[in-house]
Amino acid sequence: MSESAPAKFQLLATDSATAARRGRLHTRRGVIETPAFMPVGTQGTVKGMLPEQLHEVGAQVILANTYHLYLRPGHDLVRQLGGLHRFMQWDGPILTDSGGFQVFSLGDLRRIEEEGVRFQSHLDGSSHQLTPEISIAIQEALGADIMMVFDECIPHPAARDYVAASTARSTRWAARSKAARTDETAALFGIVQGGMEEDLRRRSAEQLLEIGFDGYALGGLSVGEAAETMYAVMEWTLPLLPVTRPRYVMGIGTPENLVEAVARGADMFDCVMPTRNARNGVLFTSFGKLSIKQNRYRDDDRPVDPECNCPTCQRFSRAYLRHLYQSNEILASVLNTRHNLYYYLQLMRRMRESIDSGTFAEFRADFSGRRLATGEA
């Protein structure tokens, strides 16, 4: 791929028994093997992780937050200091969200208009406006390799009339986002909305395809709906998207969500779940979730997961990790986060390998069979 080309997606393999796909996304700062999970670096850092540690656990691309970096330290300052990659010393690709999800989460602190959204900062109450044009300008100033269009993340439940009006507005905003792009070397993804309404999802997807984007995302999921509903939306919508473009399901989720989304044809994911759970003493393992704060681990000399090769499991016991957590030591968050991200990223690697070898259906069945019904070790 030439230095000036936007992201290019190669479809390498498909699973014969499911819709799972194996791909390779070329960006200006490196290749992303898909299916891929993107650790979330909200404020220009993945909490508890140095950039080199992210590489060590297998991270290929990280996500940064437009809204938060706009408010602090400011996108103009980041640009003056050489862009977000230099600022945070991460040399791989960065995807930035549009800021829409955070703004719409402000509730009474924001007002939606056709032009964009007016809102008050959660930091100091100051007034701001975010529009498609401003969002793209911020993302370009940060130096994102993959940018997202500005849209509204529709809450659930929501009345159909509201969903229809919001989705139509998000489509108009998507067109404005594309028109505002000045950096043609950065990819721009459209976001399919439509709530839990099949016909509105279809209409949103069709209209975004008419506009044309480098990749397509499903937004408005993991907002309180049942897992069965989430999977149904994927089944309606993912087949509508072009096979030659990456498909990104935003904001999910659990390991089970990731496996099931891959089975339905999704390629990219992000979620705070592995890092946030780590800071709260909840660890993901090959046999389910483990709450390290529980008293039964007080004298447990075993690693968190005997099958795990992460630095945490190779060196430290459950008893020590529980002690760190109970003592409110910073190292607890560091070691727990390294483990959880390693688990998530190894899960993605294993899915890629199973699609390559034509055994994804078997992998999926084995994964489901090994989860404890209680979700606890």
Side-chain angles (χ1 to χ4, degrees), residues 1-2 4-12 14 19-40 60-64 66 92-101 132 135-136 139-140 142-151 153 170-171 173-181 183-194 201-202 204-221 233-234 237-252 258 261-262 264-271 348 352:
M1 186 181 71
S2 70
S4 61
K8 174 186 174 184
F9 182 72
Q10 291 177 281
L11 182 62
L12 302 178
T14 56
R21 297 153 34 107
R22 170 77 172 91
R24 183 170 293 145
L25 177 59
H26 298 261
T27 77
R28 62 185 179 184
R29 282 191 176 84
V31 173
I32 303 167
E33 303 289 344
T34 67
F37 180 83
M38 299 179 283
V40 176
Q60 306 177 79
V61 50
I62 64 171
L63 182 145
T66 296
I94 294 177
L95 181 147
T96 48
D97 58 19
S98 68
F101 178 81
S135 174
I136 294 299
Q139 294 180 73
E140 290 187 342
L142 295 174
D145 304 294
I146 303 174
M147 305 183 294
M148 305 303 297
V149 300
F150 189 63
D151 69 329
C153 181
S170 284
T171 299
W173 285 354
R176 287 168 54 190
S177 296
K178 183 176 180 179
R181 176 171 64 169
D183 183 355
E184 295 295 334
T185 71
L188 180 63
F189 283 20
I191 304 175
V192 178
Q193 290 291 349
R201 285 281 178 178
R202 176 178 293 275
S204 174
E206 290 172 348
Q207 291 175 340
L208 289 175
L209 289 177
E210 290 179 8
I211 299 169
F213 292 96
D214 302 306
Y216 296 87
L218 299 193
L221 293 178
V233 172
M234 294 182 202
T237 314
L238 288 171
L240 302 174
L241 303 178
V243 297
T244 56
R245 296 289 187 271
R247 304 165 176 174
Y248 167 25
V249 179
M250 306 178 74
I252 72 166
L258 299 180
V262 168
R264 289 163 172 80
D267 304 307
M268 299 170 65
F269 310 93
D270 79 283
C271 190
M348 306 312 295
R352 292 194 295 268

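Quick caveat: nothing in here was measured; it's all calculated off a predicted structure.
- A distance of 5.0 Å separates OG in Ser98 from CD1 in Ile191, rounded to the nearest 0.5 Å.
- Looking at Lys178, its side chain does come within 3.5 Å of a backbone N or O of Gly212 through a donor-acceptor pair.
- Looking at Ile211 and Thr171, their side chains come closer than 4.5 Å, going by heavy atoms from C-beta outward.
- Remark: the backbone N or O of Gly23 is paired with a side-chain donor or acceptor of Thr34 at under 3.5 angstrom.
- Shown here for Asp270 and Gly251, the closest heavy-atom pair between the two residues is OD1-N, 3.0 Å.
- Side chain of Arg247 to backbone of Gly265: a donor-acceptor contact under 3.5 angstrom is found.
- From Leu25, atom CG reaches atom CZ of Arg245 across 10.5 Å, with rounding to the nearest 0.5 Å.
- Contact detail for Phe213 and Leu188: the closest heavy-atom pair is CB-O, 3.5 Å.
- In terms of modelled atom types and a separation under 3.5 Å, the side chain of Arg21 and the main chain of Ala266 share no donor-acceptor contact.
- The CZ atom of Arg352 sits 10.0 Å away from atom CZ of Arg24, with the distance rounded to the nearest 0.5 Å.
- A donor-acceptor contact shorter than 3.5 Å is absent between the side chain of Thr27 and the backbone of Asp145.
- Of all heavy-atom pairs between Arg201 and Gly194, the closest is NE-C, 3.9 Å.
- Note that CD1 of Ile62 is 5.0 Å distant from CD1 of Ile94, once rounded to the nearest 0.5 Å.
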**Request:** Show your working on side chain to side chain contact (heavy atoms under 4.5 Å, CB included) between Ile146 and Tyr248 and close with a plain yes or no.
**Result:** CA-CA 11 Å; Ile146 303 174; Tyr248 167 25; over 6 Å; no
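- In terms of modelled atom types and a separation under 3.5 Å, the side chain of Thr66 and the main chain of Gln139 share no donor-acceptor contact.
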**Step-by-step side chain to side chain contact (heavy atoms under 4.5 Å, CB included) determination, Phe9 to Asp267** = CA-CA 11 Å; Phe9 182 72; Asp267 304 307; 4.1 Å; yes
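- The nearest pair of heavy atoms linking Phe37 to Ile252 is CE1-O, 4.3 Å.
- Side chain of Gln60 to backbone of Glu33: a donor-acceptor contact under 3.5 angstrom is found.
- Looking at Arg264, its side chain never comes within 3.5 Å of a backbone N or O of Met234 through a donor-acceptor pair.
- Annotation: the span from Met250 atom CE to Phe189 atom CZ amounts to 10.0 Å, rounded to 0.5 Å.
- Interatomic distance, OG of Ser135 versus CD of Glu140, reported as 10.0 Å (0.5 Å rounding).
- What you find for Ala187 and Asp214 is that their closest heavy atoms are CA-OD2, 3.4 Å.
- Counting non-hydrogen atoms of other residues, nucleotides and ligands closer than 6.0 Å to CZ of Arg29 gives a total above 12.
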**Request:** Could you walk me through whether Gln193 and Ser204 pass side chain to side chain donor-acceptor pair (under 3.5 Å), step by step?
**Result:** CA-CA 6 Å; Gln193 290 291 349; Ser204 174; over 6 Å; no
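- In plain terms, the two heavy atoms of Met148 and Ile136 that are nearest each other are O-CD1, 4.0 Å.
- Remark: side-chain polar atoms of Arg181 are paired, donor with acceptor, to backbone N or O of Ala186 under 3.5 angstrom.
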**Request:** Please lay out, stage by stage, how Met348 and Phe269 fare under the test side chain to side chain contact (heavy atoms under 4.5 Å, CB included).
**Result:** CA-CA 10 Å; Met348 306 312 295; Phe269 310 93; 3.8 Å; yes
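- The residues Arg28 and Asp183 are annotated as salt-bridged, a charged nitrogen and a carboxylate oxygen being separated by less than 4.0 angstrom.
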